[in-house]
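The structure appears right after this line, and notes come after that.
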Amino acid sequence: MVWDSLLSGWLSDRVSPRRILTILPLLGAAALLALSGFPGQTLVILGIVGFAYGSTIAAYPAAVSLLFPSDAGPLAYGRIFTAWGLAGLLAPWFAGQIYDWAQSYTPALWVAAALSILSAITAQKYIQRA
């Protein structure tokens, strides 16, 4: 959606990259965990997941430009974008494998939430306080 990217871009100019790249994955993780526990609220919760994901897409370029102001910025963003694309190709396959094994989407949602939490921890650990 357009509004999540606009809001995230605006926030990226006002909030530190460390904070925004911690908050957005935690929001996504909370929504994924809620999705596994409240299946009757799927549409609303998926909206929150989509907001967190779309906001993250807009936050990364802004964060990279602040964290890598030199010629290293395009290289850093290229690596991030390549990893994002690889995850986009492999994650659905892995989620399908988890579903085949468990006969439920719940474990795949938990894995996705855990990876989102790992992303937030990584941002906290490796992005300098700003």
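Summarising the geometry of A102 relative to P107, their closest heavy-atom pair is CB-CG, 3.6 Å, with the distance given to 0.1 Å. Summarising the geometry of G88 relative to P92, their closest heavy-atom pair is O-CD, 3.2 Å, with the distance given to 0.1 Å. Between A31 and I45, the closest heavy-atom pair is O-CG2, 3.0 Å. The minimum heavy-atom distance linking P61 with A58 is given by the pair CD-O, 3.5 Å. Heavy-atom minimum distance, D100 versus Q103: O-NE2, 2.9 Å. Closest non-hydrogen pair, R18 versus Q124, comes out as NH2-O, 2.7 Å.
By the criterion of side-chain heavy atoms lying less than 4.5 angstrom apart, applied directly or through intervening Ile, Leu, Val, Met, Phe, Trp or Tyr residues, L46 is not grouped with F51; the two fall into different hydrophobic clusters. Clustering ILVMFWY residues whenever any of their side-chain heavy atoms sit less than 4.5 angstrom apart, transitively, puts F81 in the very cluster that holds Y60. No single ILVMFWY cluster, assembled from side-chain heavy atoms under 4.5 Å apart, contains both Y105 and L115. Clustering ILVMFWY residues whenever any of their side-chain heavy atoms sit less than 4.5 angstrom apart, transitively, puts L67 in the very cluster that holds V15. Y53 and I80 fall within the same hydrophobic cluster, where Ile, Leu, Val, Met, Phe, Trp and Tyr residues are linked whenever their side-chain heavy atoms come under 4.5 Å apart, directly or through other members.
From I57, atom CD1 reaches atom CH2 of W84 across 5.0 Å, with rounding to the nearest 0.5 Å. Atom CD1 of I20 is separated from atom CZ of R14 by 11.0 Å, given to the nearest 0.5 angstrom. Rounding to the nearest 0.5 angstrom, the gap separating the CG atom in L33 from the CZ atom in F38 is 10.5 Å. Note that OG of S104 and CG of L109 are 8.0 Å apart. Values are rounded to the nearest 0.5 Å. Rounded to the nearest 0.5 Å, atoms CD (Q97) and CG (L90) are 11.5 Å apart. S119 OG to L21 CG: the interatomic distance, rounded to the nearest 0.5 Å, is 7.0 Å.
For S65 (side chain) and A62 (main-chain N/O), a donor-acceptor pair under 3.5 Å exists by modelled atom type.
Taking the side chain to side chain donor-acceptor pair (under 3.5 Å) definition, one finds that S36 meets it with W110, sequence neighbours left out.
Around atom CG of D71, no more than 12 heavy atoms belonging to other residues, nucleotides or ligands sit under 6.0 Å away. Around the OH atom of Y77, the shell of radius 6.0 Å holds more than 12 heavy atoms that belong to other residues, nucleotides or ligands. Residue L43 places its CG atom among 12 or fewer non-hydrogen atoms of other residues, nucleotides or ligands, all under 6.0 Å distant.
W101 and F94 have their aromatic ring centers separated by at least 6.0 angstrom.
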